[in-house]
Amino acid sequence: MKKMMLIAALAALSACTTKTTEQTTEEPQKAFGAEYIQMTADTTIHVGTSKRPPVEERLFRSEVIDRKIEEVKAVLKDNPYLAWMFENCFPNTLETTVHYRQLADGDDDTFVYTGDIAAMWLRDSGAQVWPYVQFCNDDPALARLIRGVILRQLKSINLDPYANAFYDSPEQTGEWQSDHTQMKPGLHERKYEIDSECYPVRLAYAYWQETGDTTVFGEVWLQAVDNILKTFREQQRKDGDRGPYTFRRTTDRQFDTVGWGGLGHPLNPVGLIASVFRPSDDATVFPFLVPSNFMAVTSLRKAAEILSTVNHDADRAQQCTALADEVEQALRQYAVVNHPKYGKIYAFEVDGFGSQLLMDDANVPSLLGMGYLGDVSLSDPVYQNTRRFVWSEDNPSFFRGRAGEGIGGPHVGYDMPWPMSIMMLAFTSQDDQEIRHCIEMLMSTDAGTGFIHESFNKDDARDYTRPWFAWQNTLFGELILKLIADGKADLLNSCQRYVD
């Protein structure tokens with residue numbers, strides 16, 4: 001019944017989704033700034049004292065989310081520190097990073113900051129609002145906000161399918177305008193990453209499945225599908241065509257620029273899709289990034305289902321399915337390697353010539369995160385072998401120390417595991433002791449701030465990066481909700497914080 005009521009409330013908007021005007025009915029809200037960042041890092045605020053912004057300063061408020069927070073705090077009554085972290089983290093995206101407005105034509109538009117960077121990444125924004133989709137049928141205003149995120153993402157893909165991050169204003173330019181690539185106004189950064197096309201499809205599909213609302217699947221959606229298909233085909237680089245995309249940056253950071261004239265390492269066109277950059281925004285070593293290709297397969301299949309069921313567009317649906325089949329077959333042939341210790345595992349990157357990079361990175365999609373995203377089955381024996389490999393010192397990006405352990409990567413550097421990897425381990429775990437270990441690490445590496453950070457030093461969690469990183473905060477809330485739903489409340493209440 002709630003779903004039907006929501007569909008009725010949104011049905012009148014269906015005719016608006018083909019319009020692309022960016023004129024808004026009100027001025028965009030200002031972002032939080034240095035004062036807020038200072039508050040997030042403040043360790044003198046006592047446990048139990050909320051670090052949420054004052055009600056009048058929140059960018060968006062949902063009574064449904066507020067009630068859920070109180071419900072979870074009651075469930076976690078025997079673990080006040082964990083309850084405090086959940087209250088601080090779960091609403092962080094809604095209250096500090098979303099900028100919702102209605103366009104002049106009445107349609108929804110939502111721009112989402114990552115947190116301390118005033119730009120919208122397609123990946124981050126899709127992940128940031130993902131945990132709220134399940135509440136849409138109980139909160140029509142929240143549904144419209146997420147609908148606005150989807151529409152903004154689709155328009156961004158149509159502006160430039162090779163860009164990863166965008167500004168709110170289509171006229172704005174920024175610090176990376178001097179990059180040697182086809183920059184244009186409205187782009188914050190133009191690092192081509194497969195997952196930038198995948199996360200919007202994932203979000204739109206989940207929103208449709210949850211609400212039944214089909215109004216986001218108009219002409220803007222169809223144009224975005226065409227751009228995704230075109231980009232993925234170009235980056236298969238068949239028949240000697242290397243595609244139109246190149247990237248170089250004047251920098252002293254190796255992974256911020258691309259070799260071989262901005263094209264990246266040579267590849268053998270075996271059917272996989274090249275990704276010049278990883279989800280970390282670091283350049284790939286070998287161009288076929290395996291976890292991102294897995295996400296491309298599932299995203300293309302989701303798009304095909306939407307196109308077939310909603311748009312009745314058999315041709316586009318077939319194109320998506322055919323490309324998914326081709327990439328899936330190539331993954332079977334080229335992504336699996338025989339490790340002398342772990343047996344058959346998935347490589348992180350390959351080039352189609354036989355070269356393989358065995359590691360994992362913290363950002364999702366990752367090899368560990370494939371089970372969380374649903375790109376592989378948790379029961380897949382190759383995934384389970386891979387999971388054991390990446391959570392060990394045999395993974396060069398794995399770091400273990402006095403404060404904690406986890407997967408990092410070159411984006412931050414040596415000895416800096418990311419809490420995101422700890423959360424991926426917990427999301428994909430079927431072992432209560434492993435889950436306990438993850439939760440206690442997350443509680444113990446927040447540096448007393450009550451928030452999740454980008455990374456922390458393995459020996460001293462007070463040495464961390466990015467005090468305000470909304471994706472990680474909201475992901476933490478998503479994890480706690482999942483574990484409670486899985487019947488793990490007693491486990492959560494028994495978890496202890498093992499540092500002062």
Side-chain angles (χ1 to χ4, degrees), residues 2-25 60 62 93-94 98-112 120-159 161 166 168 195-229 298-313 316-317 320:
K2 289 177 180 177
K3 181 182 288 191
M4 295 303 297
M5 292 173 63
L6 180 66
I7 294 171
L10 294 170
L13 297 171
S14 60
C16 300
T17 60
T18 61
K19 300 182 180 180
T20 59
T21 175
E22 295 300 326
Q23 182 180 357
T24 61
T25 57
F60 186 87
S62 167
T93 288
L94 284 180
V98 299
H99 297 265
Y100 171 79
R101 74 293 300 256
Q102 290 185 3
L103 300 178
D105 59 17
D107 211 355
D108 301 312
D109 179 65
T110 311
F111 190 84
V112 185
M120 177 170 164
W121 269 255
L122 294 179
R123 169 186 55 258
D124 293 41
S125 59
Q128 283 169 250
V129 301
W130 172 266
Y132 307 129
V133 172
Q134 61 188 298
F135 301 101
C136 282
N137 290 323
D138 295 316
D139 189 339
L142 180 61
R144 293 194 65 163
L145 179 142
I146 292 175
R147 183 178 181 276
V149 175
I150 296 166
L151 293 175
R152 168 67 76 141
Q153 290 180 325
L154 297 176
K155 292 173 185 176
S156 297
I157 290 172
N158 293 338
L159 175 62
F166 300 80
D168 196 354
D195 64 280
S196 294
E197 268 73 65
C198 298
Y199 271 97
V201 175
R202 175 181 183 246
L203 179 63
Y205 181 86
Y207 170 81
W208 168 55
Q209 291 287 294
E210 182 71 25
T211 67
D213 177 26
T214 61
T215 61
V216 293
F217 301 122
E219 289 301 319
V220 173
W221 154 254
L222 294 175
Q223 183 183 353
V225 169
D226 289 344
N227 279 318
I228 292 169
L229 286 168
T298 57
S299 298
L300 286 164
R301 298 205 189 286
K302 290 181 175 74
E305 183 179 343
I306 296 167
L307 290 162
S308 177
T309 305
V310 177
N311 301 109
H312 306 292
D313 190 330
R316 283 189 175 94
C320 289

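Computation of the quantities below employed the complete heavy-atom set of this structure, encompassing side-chain atoms and omitting hydrogens, waters and symmetry-equivalent molecules. Note that this is a predicted model, so its numbers are computed, not measured.
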Is there side-chain contact between [X] and [Y], with at least one heavy-atom pair below 4.5 Å?
X: Ser299; Y: Glu197; result: no
X: Val201; Y: Leu300; result: no
X: Cys320; Y: Leu229; result: yes
X: Asp109; Y: Leu151; result: no
X: Leu94; Y: Leu145; result: yes
X: Val220; Y: Gln223; result: no
X: Ile146; Y: Thr110; result: no
X: Val112; Y: Asp124; result: no

Would a distance-only check, ignoring hydrogens and angles, find a side-chain to backbone donor-acceptor pair under 3.5 Å from [X] to [Y]?
X: Asn158; Y: Asn227; answer: no
X: Ser308; Y: Ala304; answer: no
X: Arg152; Y: Asp168; answer: yes
X: Asn311; Y: Phe217; answer: yes

Heavy atoms only: give me the nearest [X]-[Y] pair and the separation to one decimal.
X: Tyr207; Y: Ala143; value: CE1-O, 3.7 Å
X: Ala206; Y: Trp130; value: CB-CZ3, 3.3 Å
X: Arg202; Y: Lys302; value: CA-CD, 4.4 Å
X: Pro131; Y: Ala127; value: CD-O, 3.4 Å
X: Ser196; Y: Leu122; value: O-CD1, 3.3 Å
X: Leu154; Y: Ala224; value: CD2-CB, 3.8 Å

* **Non-neighbouring partners of Asp195 that pass salt bridge (charged side-chain N to carboxylate O under 4.0 Å, His left out), sequence neighbours left out** =>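 For Asp195 the salt bridge (charged side-chain N to carboxylate O under 4.0 Å, His left out) partners, ignoring immediate neighbours, are Arg123.
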* Asked: How would you list, by chain and number, every residue that makes a ring-ring contact (aromatic ring centres under 6.0 Å, His included) with Tyr205, sequence neighbours excluded?
  ->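 In terms of ring-ring contact (aromatic ring centres under 6.0 Å, His included), with neighbours along the sequence ignored, Tyr205 is linked to Trp208.
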* **Set of ring-ring contact (aromatic ring centres under 6.0 Å, His included) partners for Tyr199, sequence neighbours left out** =>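 Partners of Tyr199 by the ring-ring contact (aromatic ring centres under 6.0 Å, His included) criterion come out as none, since no residue qualifies.
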Out of curiosity, [X] [atom1] to [Y] [atom2], how far, rounded to the nearest 0.5 Å?
X: Arg316; Y: Asp226; atom1: CZ; atom2: CG; value: 4.0 Å
X: Asp213; Y: Arg147; atom1: CG; atom2: CZ; value: 6.0 Å
X: Leu142; Y: Ser62; atom1: CG; atom2: OG; value: 5.0 Å
X: Leu203; Y: Ile150; atom1: CG; atom2: CD1; value: 4.5 Å

* To do: Begin from the C-alpha positions of Val310 and Trp221 and carry the test side-chain contact (heavy atoms from CB on, under 4.5 Å) through to its verdict.
  => CA-CA 11 Å; Val310 177; Trp221 154 254; over 6 Å; no
